[in-house]
Amino acid sequence: MTINLLSKEIDTLTCPTLVVFSKTSTQSSSKKDKGPVVIVTHSDLAKKLATVIEEKTITGKHQETVTFREFNHKNYRNVVVVGLGKDAEINHESVRQSMASAYEAVKALNSKEAAVDFDGIISNTSDSNEMASFAKAVAEGLMLTSYVFDELKSSTAKKSKKDDSQLNIHVASKMANDKAVKAAFNEGLIIGSVVNYSRRLGDLPGNLMTPTLLANSAKSAATGLANMKVTIWDKARIKKERMGGLLGVSMGSDQDPRFIIMEYKGAAPSKKSVCFVGKGLTFDCGGISIKPSAGMEEMKYDMCGGANVIGTLIAIAKLKLKINAIGLVASTENLAGPSATKPGDVHTARNGKTFEVNNTDAEGRLILADALSYATELKPQIIVDAATLTGAMVMALGNTHTGYFTRNAPLKETIEAAASASGEWVWNMPLTDFHVKDMKGTFADLSNISSGKGAGSATAAAFLEQFVGEGIPWAHFDIAGTGWAVGNRLPYCPKKGASGAMVRTFVEIAKKYV
Ligand code: BES
Ligand code: ZN
Ligand code: ZN
């Protein structure tokens with residue numbers, strides 16, 4: 001598929017399908033009793049569609065799509081009208097979602113080519129920042145919706161056999177030559193395609209996405225990117241580096257662990273790095289404290305934090321951000337082989353702290369312990385991690401919000417601003433000394449499970465905190481509920497597959513340090 005921004009008057013193109021927009025606007029006070037008016041943003045089509053609007057076939061409702069086949073407007077055969085919703089409520093996230101509707105409608109028509117009337121989306125604004133943010137949302141929304149994971153199906157069963165790769169979408173606008181709009185559109189394309197890259201890593205099953213394969217993928221995705229270096233530590237090196245948590249978790253599996261280090265240098269060496277850390281558990285059966293069979297297949301997604309951190313670093317490099325950034329991903333399987341860690345076993349993390357493994361299924365925090373210790377040694381400006389860490393997070397927030405933990409007020413502000421720029425929903429969760437107390441060990445410094453009741457996500461965060469150097473602003477994002485299967489909420493995410501959660505927000509966080 002190609003998506004391009006075109007500086008052309010929309011009615012001058014020759015193309016099978018045209019996408020225009022509808023919305024509702026509240027009437028002036030004298031006409032208020034008649035309710036909101038429905039507007040089609042393309043003036044010529046608004047006239048032609050007046051009866052259809054009157055009949056309430058087009059209502060302007062957000063994500064509504066009304067398709068007119070063989071309508072023959074100018075050199076277009078088909079016309080699709082996509083609802084933007086209430087005029088006053090249109091924002092970059094609602095536009096991103098409207099583009100999912102547009103994409104699906106074009107695909108349903110089996111069109112190889114379509115034109116999107118971008119000026120209809122920005123018809124109500126003269127704010128150039130808003131125009132740019134809508135341009136980014138359009139590119140991102142189309143790109144994100146185009147993702148399909150069917151490479152493991154035989155060719156006859158492929159859903160995408162209509163061949164999306166041949167679909168060309170032209171986004172036409174009188175603003176197409178505006179520098180900011182152009183840059184934002186390109187940024188949207190980059191971020192959308194990187195999120196799709198991360199989603200694929202998540203969707204690949206455990207046998208095809210091992211720690212070695214995850215590391216290789218990070219390496220090859222970074223090949224050719226300026227100022228980017230990827231280093232992979234194998235099992236022997238991990239042992240030498242005293243990463244007792246990562247090593248301990250890996251002992252139940254035949255697959256060797258990997259520690260992935262991505263370094264991007266886009267600023268002066270004196271500038272402190274922004275450090276991202278990810279949980280790359282390529283399959284989590286729980287280890288000896290084995291999980292129930294039902295739903296266990298979903299634990300192939302336990303590396304989504306890692307995949308999304310890899311994607312974040314790739315995006316930062318592709319956007320050529322003027323920062324220094326580091327991505328660290330601890331990757332292993334958590335299985336129950338003969339050498340597996342047993343409940344009660346004690347291991348030593350890289351920073352010298354010891355922990356009892358009282359439940360081998362609480363393994364994410366053990367591999368992150370080493371990664372966070374190592375991150376601390378690099379003296380970064382901030383550390384931000386992403387992990388599918390706890391089932392408790394799914395109970396607390398479901399698949400709407402990613403819960404994040406931080407005790408640093410300025411970082412919290414940065415995160416809130418970043419998330420409102422990315423459109424991803426985050427929610428600040430509590431982390432206190434009480435949670436820390438619950439993680440004290442009986443025979444070692446720490447226990448990997450809480451001695452208290454409930455607050456499983458906060459006590460996991462409190463465990464992680466023990467490995468972050470004092471004074472380094474740190475935030476932990478638990479994406480257990482948002483990492484995959486969010487499609488009942490977000491139209492540009494696959495219903496069941498990986499979502500790529502937090503790549504967009506992490507890139508926005510990185511931009512704050514330019
Ligand atoms: N990977 C899981 C967390 C998870 C569960 C993510 C369900 C998404 C959906 C993690 O390794 C785990 O098993 N955590 C345990 C911790 C418990 C034993 C303290 C959990 O949440 O049950
Ligand atoms: Zn687990
Ligand atoms: Zn896990």
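Order of appearance sets the numbers: ligands from 1, and atoms from 1 within every ligand. Computed over heavy atoms, backbone and side chain alike; hydrogens, waters and symmetry mates excluded.
- Residue contacts with ligand 1, taken as heavy atom pairs separated by less than 4.0 Å, do not involve Asn334 at all.
- Remark: Ile238 CD1 to Arg258 CZ distance equals 7.0 Å, nearest 0.5 Å.
- The closest protein non-hydrogen atom to atom 8 (C) of ligand 1 is Trp484 CH2, 3.4 Å.
- Neither the backbone nor the side chain of Phe283 comes within contact range of ligand 1; no heavy atom lies under 4.0 Å.
- Which parts of ligand 1 touch Ile449 is read off a 4.0 Å heavy-atom cut-off, strictly below it: atoms 19 (C).
- Between Thr341 and Val249 the shortest heavy-atom distance is OG1-N, 4.4 Å.
- The Zn ion (ligand 3) sits nearest to atom OD2 when only the N, O or S atoms of Asp302 are considered.
- With hydrogens left out, the protein atom closest to atom 17 (C) of ligand 1 is Ala362 CB, 4.2 Å, a heavy atom.
- If you check which protein heavy atom lies closest to atom 6 (C) of ligand 1, you get Ala480 CB, 3.6 Å.
- The single protein non-hydrogen atom nearest to atom 21 (O) of ligand 1 is Gly391 N, 2.7 Å, given as residue, atom name and distance.
- Here the shortest heavy-atom distance to atom 7 (C) of ligand 1, taken over Met299, Met296, Lys291, belongs to Met299.
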message: Set out, in order, the CA-CA distance, both residues' side-chain angles and the distance that settles side chain to side chain contact (heavy atoms under 4.5 Å, CB included) for Glu263 and Thr231, then state yes or no.
response: CA-CA 8 Å; Glu263 292 166 281; Thr231 310; 4.2 Å; yes

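- No other N/O/S atom of Glu363 lies as close to the Zn ion (ligand 2) as OE1 does.
- For Asp302, a nitrogen or oxygen atom sits less than 3.5 Å from a nitrogen or oxygen atom of ligand 1, counting backbone and side chain alike.
- For ligand 1, the atoms lying closer than 4.0 Å to a non-hydrogen atom of Lys279 are 1 (N), 10 (C), 11 (O).
- Between Glu151 and Leu204, the closest side-chain pair of non-hydrogen atoms falls below 4.5 Å.
- The distance between the ring centers of Phe134 and His92 does not fall below 6.0 angstrom.
- For the pair Tyr103/Lys107, a side-chain contact is recorded, criterion being any heavy-atom separation below 4.5 Å from C-beta on.
- Note: Thr348 OG1 to Phe355 CZ = 7.5 Å, rounded to the nearest 0.5 Å.
- Annotation: atom 16 (C) of ligand 1 to nearest protein heavy atom, Arg365 NH2, 3.7 Å.
- At least one N/O-N/O distance between Asp284 and ligand 1 falls below 3.5 Å.
- Side chains of Asn334 and Asp302: no donor on one and acceptor on the other come within 3.5 Å.
- There is a side-chain donor-acceptor pair under 3.5 Å between Trp474 and Asp385.
- In terms of protein heavy-atom proximity, atom 3 (C) of ligand 1 is nearest to Leu389 O, 3.4 Å.
- For residue Asp284, an N/O/S atom approaches the Zn ion (ligand 3) to within less than 2.8 Å.
- Under 4.0 Å from ligand 1, the heavy atoms of Asn359 that appear belong solely to its side chain.
- Glu241 and Arg237 are joined by a salt bridge, as a carboxylate oxygen and a charged side-chain nitrogen come within less than 4.0 angstrom of each other.
- Set against the non-hydrogen atoms of Thr388, the atoms of ligand 1 under 4.0 Å away are 1 (N), 2 (C), 3 (C), 6 (C).
- Between Ser447 and Asn358, the side chains place a donor N or O and an acceptor N or O closer than 3.5 Å (distance only, hydrogens not considered).
- In Lys412, the NZ atom is not crowded: 12 or fewer heavy atoms of neighbouring residues, nucleotides or ligands sit closer than 6.0 Å.
- Polar contact with ligand 1: present for Glu363 (N/O pair, distance under 3.5 Å).
- Protein heavy atom in closest approach to atom 12 (C) of ligand 1: Asp361 O, 3.2 Å.
- Under a 4.0 Å N-O distance rule, the pair Lys342/Asp345 qualifies as a salt bridge.
- Not a single N/O/S atom of Ala387, whether from backbone or side chain, sits less than 2.8 Å from the Zn ion (ligand 3).
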